[in-house]
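Inspection log for the structure reproduced underneath, given as structure tokens.
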Amino acid sequence: MKLIVAVQELVTDGLPDVGPSWRDLHDIELERPLINAEMDLLDVQISLLDRPASELGRRRLRRAANKVLAARRTVTNRLGTGEAA
């Protein structure tokens with residue numbers, strides 16, 4: 001077991017830390033509502049690709065687009081007030 005730890009330290013020593021920092025992860029979490037809203041909008045857009053336009057489809061698309069705008073406003077306000085800092 002000690003040999004495995006020693007080899008691992010030898011191999012990883014001096015390598016830069018790969019992966020997101022805690023700050024990057026925090027920023028992603030602040031943007032999570034926007035990311036989710038954009039994914040929902042994309043799902044609606046994909047579901048409407050092979051269907052004829054219907055009133056229900058237009059409502060779903062409009063609702064998803066409004067959700068993205070609201071989430072974008074919320075994230076922008078958060079970042080503007082310094083909450084992300």
Side-chain angles (χ1 to χ4, degrees):
M1 186 68 165
K2 289 181 183 180
L3 177 62
I4 294 172
V5 172
V7 170
Q8 183 179 13
E9 287 176 4
L10 183 67
V11 170
T12 60
D13 190 35
L15 290 177
D17 186 24
V18 291
S21 67
W22 68 269
R23 187 139 187 90
D24 295 334
L25 294 174
H26 178 70
D27 290 345
I28 291 170
E29 274 307 307
L30 286 176
E31 294 180 7
R32 176 61 56 194
L34 177 58
I35 294 168
N36 289 340
E38 288 174 340
M39 287 175 34
D40 291 344
L41 176 60
L42 185 61
D43 286 343
V44 171
Q45 290 171 334
I46 290 171
S47 71
L48 296 175
L49 281 177
D50 61 345
R51 294 183 185 156
S54 68
E55 184 58 32
L56 180 60
R58 284 190 285 272
R59 280 190 216 162
R60 287 180 60 214
L61 185 60
R62 195 169 41 246
R63 192 175 308 125
N66 288 337
K67 187 176 171 184
V68 168
L69 291 174
R72 189 172 292 151
R73 183 183 61 236
T74 301
V75 169
T76 302
N77 288 339
R78 258 191 216 157
L79 295 175
T81 60
E83 188 175 321

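In this chain, residues are counted from 1 in sequence order. Just so you know, these numbers come straight off a predicted model, no measurement behind them.
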One should read off an interatomic distance between L49 CG and R51 CZ, to the nearest 0.5 angstrom, of 10.0 Å
Taking all atoms of both residues into account, what is the closest heavy-atom pair of L48 and L61, and its distance?
CD1-CB, 4.1 Å
Roughly how far, to the nearest 0.5 Å, is the NE2 atom of H26 from the CD atom of E31?
10.5 Å
Enter the distance from T74:OG1 to L30:CG here, rounded to the nearest 0.5 Å.
11.5 Å
Would you indicate whether the side-chain heavy atoms of L69 and R73 approach each other to under 4.5 Å?
no
Listed partners of D24 passing side-chain contact (heavy atoms from CB on, under 4.5 Å), at least two apart:
P20, S21
Can you name the residues that form a side-chain contact (heavy atoms from CB on, under 4.5 Å) with V68, not counting sequence neighbours?
L34, A37, E38, L41, R72
Rounded distance [0.5 Å steps], CZ in R78 versus CG in D27
12.0 Å
